[in-house]
Asks: 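Please read through the structure below; I'll follow up with questions.
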There are 2 protein chains.
Amino acid sequence: MDKKNRNPSIKDIARDAGVAISTVSFVINNRDFVSDSTKKKVLKAIDKLGYSPNIIAQSLRTRKTKTIGVIVYDISNPFVAQIVRGIEEIAKQRGYLVQLGCTFNDLAMEERQINVLINQFVDGLLIVSGRDNDKIYRKILKKNIPMVFVDKEVDGLANASVVIDNVEAVKNAVDYLFSLGHRKIGYISYPVSKQTTVKRRYEGYCKGLKNNGLKVNPEYVVMDEIYFNQELEGKDMEITFEIMNKFLMTKKVPTAFITISDLFAYGLLKALRINNFRVPEDISVIGFDNIIFDNYVYPSLTTIKQPKKLMGITGINLLIDIIEGNKIENSTVILDTELIIRESTGPAPNEIT
Amino acid sequence: MDKKNRNPSIKDIARDAGVAISTVSFVINNRDFVSDSTKKKVLKAIDKLGYSPNIIAQSLRTRKTKTIGVIVYDISNPFVAQIVRGIEEIAKQRGYLVQLGCTFNDLAMEERQINVLINQFVDGLLIVSGRDNDKIYRKILKKNIPMVFVDKEVDGLANASVVIDNVEAVKNAVDYLFSLGHRKIGYISYPVSKQTTVKRRYEGYCKGLKNNGLKVNPEYVVMDEIYFNQELEGKDMEITFEIMNKFLMTKKVPTAFITISDLFAYGLLKALRINNFRVPEDISVIGFDNIIFDNYVYPSLTTIKQPKKLMGITGINLLIDIIEGNKIENSTVILDTELIIRESTGPAPNEIT
DNA sequence: TTGTATGCGTTATCAT
DNA sequence: ATGATAACGCATACAA
């Protein structure tokens, strides 16, 4: 008649091995002062009863959960998914569990999610991208919970983060288009203001134009508020397609577009195709992220590559280092981007004036 | 001098409100017999001290973690990601946390992941797709841990699951191609045998041909072992592209291909383009899954739609019902598929013999 | 209706 | 080197 059918505890092991409960604990935790003979006894009992430590109890006792909370806006976004892959990989390696939370860019939901997680449930927080939510971040920092941002700088918030140089990245893309002869360069983006990242990229666009002696032509800049419509969350491709489909039918078009994500670019490519623009003969297109489909859309997409997996890896390593009190070399890491040139960009068309 | 800087516990609340610790617990758990006046006192103290329950301690005490373990093979796969979205949505709604584990189709890793999770850490397990791993599943069932399969039937394992009718789905696709005049219908798949799902789809292919009076021509069936190369995990598009690129250069080609996932189809489309086959004029292509990019590749992809989000939703609802001891109507749910017709399929070309 | 006391499975302190 | 025991924060059986 064994007491219920629950998992054996350290107490059961102690009884079976004929030692004290604390001794078992010592063996489990590899304390070096346990004699070989008792250790063997304990190990045998552990094996016999099929014991494994109760993580919950350990957490309660040690006040460490060995769990990282990761907040993303949409796990089905390929850019995000790659970052998460990197995170998972390292977390496993360093003995941490990953607790994923999706916000779908709903700030209230993000706050709720974070609150659940930090209720003594995670040792630290990794915030991946998404819209800025300063209030809640400040609250976390005040609670002294380790937190690292990935692909996100929050203005005026001194915090560990892993980012790319967004200004430089877009500026390079502009330079490249300029070198191909393009003088009318369009830009498709979320409206600036809600995310530092988005702001920086637009700065890069403006700076790139200026450096090459060009002016920003508002007619070529598309930043529709509809991107922020909560109903349409996760539909960047579709939205861009709709917007640009109208745009191409009614407006003067530039000879090239830079977009702030590959998904935007996919929507644009489709709109161009439907409106009988050839890419890149009539219009060149540059995306952002270098997600795995870029090589498989037609034409294959020139893009600004972000080191997605590395961003995840770097972020979680940084976070775990902070949690474990290791020495941090740099609390802000800036990773390199690279312009990947594929078929969607080419020389500017000769204008017939 | 407050003891450390830890979160307030119910003990602190009790002291502040001048009631017993159990009373606080009663209030928190909404027991109806607490008088309004004491309840108010307690609530005030809770608010004042900023208390929130320690989930770890609750779990230890109640032996319930309100956490679901979800095992997937690759979170960056758009098909999987959509299922997970559905899971997350319902889990949140019903008060559960989701613990995600990626296996990358590594059976040993899957076993390790599952072992971690079921160490008193999750109330139940949701196994999404991926290769069959019978041994470990049997072990879990023996432990009486609630488990539900999504997009997976394991032969000879009576277990709750959410699936589609794979045989019927592919058979319908064959019928459709036949009705368009196709008589040489190819098939691209993982090798059968490692996954019941993959087997069933091939059955559907064979059955479909047979029903229409056609024979399986092995020359038109591509099932390369290289798909199982662990190094190449997650590279279905790339692998298919390579394989089919060679195939198209060296073999006789059918007038249509059915593939077991949209990613395969994307790789095929690219190979066809490079080898100057027109789609659908020369060759028709049918994918499987209906992931969000199908409308944005060129030509847009005809595919067998799986109700991905619904599969996730159904699976987690089933699992939570089992966990909570609710009455289950059907422990095996079969959801409908639908053939979504887009640009990649058309009439069979006229053969010039 | 409210309070007291015990135990969930650990870790860690202090004896021995 | 090992054992006895308190404590982590909570839920609950039982007493009041």
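No hydrogens, no waters, no symmetry mates; every other heavy atom, side chains included, goes into these values. Values in this document were obtained by computation on a predicted structure and should not be read as measured data.
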Asks: Check residues 18-30 of chain B and write down every donor-acceptor pair under 3.5 Å in which the side-chain atom is one partner and the other belongs to a residue at least two apart or another chain.
Replies:
unit_1	atom_1	unit_2	atom_2	d
Ser25(B)	OG	Asn29(B)	ND2	3.4
Asn29(B)	ND2	Ser25(B)	O	3.1

Asks: Name all residues meeting the salt bridge (Lys or Arg N to Asp or Glu O under 4.0 Å) criterion together with Arg61(B); count only those two or more places apart in sequence or in a different chain, and write none if there are none.
Replies: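 Expected list: none.
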Asks: Under 3.5 Å, side-chain donor or acceptor atoms of residues 322-331 of chain A against the rest of the protein: list the pairs with distances, not counting sequence neighbours.
Replies:
unit_1	atom_1	unit_2	atom_2	d
Glu324(A)	OE2	Tyr96(A)	OH	3.0
Asn326(A)	ND2	Asp321(A)	OD1	2.9

Asks: Please list, one pair per line, the donor and acceptor atoms closer than 3.5 Å that link side chains of residues 108-117 of chain B to other protein atoms, with sequence neighbours excluded.
Replies:
unit_1	atom_1	unit_2	atom_2	d
Glu110(B)	OE2	Tyr137(B)	OH	3.0
Gln113(B)	NE2	Cys102(B)	O	2.7
Asn115(B)	OD1	Lys139(B)	NZ	3.0
Asn115(B)	ND2	Glu111(B)	O	3.2

Asks: Can you figure out which of dA12(C), dT2(D), dG9(D) approaches the side chain of Arg31(A) most closely?
Replies: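 Ranking dA12(C), dT2(D), dG9(D) by closest atom to the Arg31(A) side chain puts dA12(C) first.
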Asks: Are there any protein N/O atoms within less than 3.5 Å of an N/O atom in nucleotides 4-7 of chain D, and if so, which ones and at what distance?
Replies:
unit_1	atom_1	unit_2	atom_2	d
dA4(D)	N6	Ser22(A)	OG	3.1
dA7(D)	N3	Arg61(A)	NH1	3.0

Asks: Identify, with sequence neighbours excluded, every residue that meets salt bridge (Lys or Arg N to Asp or Glu O under 4.0 Å) alongside Lys152(A).
Replies: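 Here the qualifying residues are Asp132(A).
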Asks: Compute the bend angle of the helix from dT1(C)-dA16(D) to dT16(C)-dA1(D) from the end axes (five pairs per end), rounded to 10°.
Replies: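 That helix gives 40° between its end axes.
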Asks: Mind checking what makes salt bridge (Lys or Arg N to Asp or Glu O under 4.0 Å) contact with Arg138(B), not counting sequence neighbours?
Replies: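 Only Asp134(B) meet the salt bridge (Lys or Arg N to Asp or Glu O under 4.0 Å) criterion with Arg138(B).
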Asks: Do the side chain of Asp12(A) and the main chain of Ser9(A) share a donor and acceptor less than 3.5 angstrom apart?
Replies: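 Yes, Asp12(A) side chain to Ser9(A) backbone: donor-acceptor pair under 3.5 Å.
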Asks: Output every pair passing salt bridge (Lys or Arg N to Asp or Glu O under 4.0 Å) with a member in residues 16-30 of chain B, not counting sequence neighbours, ordered by first then second residue.
Replies: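 Matches after skipping sequence neighbours: Asp16(B)-Lys48(B).
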Asks: The criterion is side chain to side chain donor-acceptor pair (under 3.5 Å); which residues satisfy it with Thr38(B), sequence neighbours excluded?
Replies: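 In terms of side chain to side chain donor-acceptor pair (under 3.5 Å), with neighbours along the sequence ignored, Thr38(B) is linked to Ser35(B).
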Asks: Excluding sequence neighbours, so at least two apart, what forms side chain to side chain donor-acceptor pair (under 3.5 Å) with Lys40(B)?
Replies: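 Counting only residues at least two positions away or on another chain, Lys40(B) forms no side chain to side chain donor-acceptor pair (under 3.5 Å).
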Asks: Just to be sure I understand the geometry, which residues of residues 39-57 of chain B put a non-hydrogen atom under 4.0 Å away from DNA chain D?
Replies: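 Of all residues in residues 39-57 of chain B, the ones placing a heavy atom under 4.0 Å from DNA chain D are Tyr51(B), Pro53(B), Asn54(B), Ala57(B).
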Asks: The side chain of Gln58(A) lies closest to which of these nucleotides: dT2(D), dG9(D), dT11(C)?
Replies: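 The nucleotide sitting nearest to the side chain is dT11(C).
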